[in-house]
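Computation of the quantities below employed the complete heavy-atom set of this structure, encompassing side-chain atoms and omitting hydrogens, waters and symmetry-equivalent molecules. Remember, it's a predicted structure, so these values are computed and weren't measured experimentally.
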Amino acid sequence: MPGGLVPRLLDAEQSNSSLVYGDEYILKVFRRIQPRRQPRPLEVPGALARQGCHRVPAPVALVPDEDPFKATLGVLQPYLRDASDGWTLALHALAAGDDFTAQARALGAATAEVHLALASAFRSASPGRTGAPRPR
């Protein structure tokens with residue numbers, strides 16, 4: 001990571017603690033550490049990147065730990081400073097009285113692209129099942 005990037009705590013509500021470095025990178029520090037090298041919040045972006053899907057930023061670096069067990073403490077990814085979520089876009093369009101049809105169609109296409117990449121990345125031997133990791 002280039003030097004001189006000033007960190008700031010991201011104040012969005014989420015399941016991780018995140019620091020944004022100079023609007024270039026985001027360091028997600030996992031609050032719930034699991035005794036394995038690749039937690040699910042890291043498996044999915046990595047799998048999408050391997051499938052060529054660029055809708056989710058690929059990991060740049062990991063923060064590993066070996067004691068008391070092998071684990072990943074955090075992940076560094078490019079920060080998408082201009083990104084916003086679909087719900088926020090829809091609410092703003094509604095409040096402004098704007099037509100949301102084109103944006104909804106684009107969001108649907110992006111969602112389909114991600115899900116197709118996930119289905120390909122997490123294939124299983126059973127037809128019709130993606131083999132994606134099950135929630136615990």
Chemist: If hydrophobic clusters are built from ILVMFWY residues whose side chains come within less than 4.5 Å, do I26 and Y21 share one?
Modeler: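 Unlinked, I26 and Y21 end up in two clusters.
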Chemist: Got a second to check how far E113's CD is from L118's CG, nearest 0.5 Å?
Modeler: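 The distance works out to 10.5 Å.
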Chemist: Applying side-chain contact (heavy atoms from CB on, under 4.5 Å), run through N16 and V75 and close with a yes or a no.
Modeler: CA-CA 10 Å; N16 305 311; V75 61; over 6 Å; no
Chemist: More than 12 heavy atoms of other residues, nucleotides or ligands under 6.0 Å from CZ of R31: is that the case?
Modeler: yes
Chemist: Quick check: is V60 connected to L10 through a chain of hydrophobic side chains (ILVMFWY, heavy atoms under 4.5 Å apart)?
Modeler: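 The answer is no; the residues belong to distinct hydrophobic clusters.
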Chemist: Hey, could you give me the CG/CG distance between L116 and L48, rounded to the nearest 0.5 Å?
Modeler: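 Between L116 CG and L48 CG, I get 11.0 Å after rounding to 0.5 Å.
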Chemist: Quick check: is Y25 connected to F30 through a chain of hydrophobic side chains (ILVMFWY, heavy atoms under 4.5 Å apart)?
Modeler: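 Yes; Y25 is reachable from F30 via cluster members.
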Chemist: Starting from L80, can I reach L5 by hopping between I/L/V/M/F/W/Y residues whose side chains sit under 4.5 Å apart?
Modeler: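 No; tracing contacts between hydrophobic side chains, which count when under 4.5 Å, never links both residues.
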Chemist: Out of curiosity, L19 CG to L9 CG, how far, rounded to the nearest 0.5 Å?
Modeler: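 Interatomic distance, L19 CG to L9 CG, rounded to 0.5 Å: 6.0 Å.
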Chemist: Looking at CG of D85 and CG of L107, how far apart are the two atoms once the value is rounded to the nearest 0.5 Å?
Modeler: 9.0 Å
Chemist: If you round to the nearest 0.5 Å, how far is CZ of R8 from OG of S18?
Modeler: 11.0 Å
Chemist: If we ignore hydrogens and angles and just use 3.5 Å, is the side chain of R55 paired with the main-chain N or O of V114 as donor and acceptor?
Modeler: no
Chemist: Could you tell me which non-hydrogen atom of Q51 sits nearest to which non-hydrogen atom of S120, and how far apart they are?
Modeler: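 In terms of heavy atoms, the two residues are closest at OE1-OG, 3.0 Å.
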Chemist: Hey, could you give me the CG/CG distance between L73 and D65, rounded to the nearest 0.5 Å?
Modeler: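 That separation rounds to 4.5 Å.
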Chemist: Do T101 and D99 have side-chain atoms, one donor and one acceptor, less than 3.5 Å apart?
Modeler: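 Present: a donor and an acceptor within the cut-off.
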Chemist: Just wondering, do F100 and L89 contact through their side chains at under 4.5 Å, heavy atoms?
Modeler: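 Sidechains of F100 and L89: in contact.
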Chemist: Same cluster or not: are V44 and V56 linked, directly or through other Ile, Leu, Val, Met, Phe, Trp or Tyr residues, by side-chain heavy atoms under 4.5 angstrom apart?
Modeler: yes
Chemist: On a heavy-atom basis, which atom in P78 and which in A58 lie closest, and how many Å separate them?
Modeler: CD-O, 3.3 Å
Chemist: Please name the pair of heavy atoms, one in R50 and one in E43, separated by the smallest distance, quoted to 0.1 Å.
Modeler: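 So the minimum-distance heavy-atom pair works out to NH2-O, 4.4 Å.
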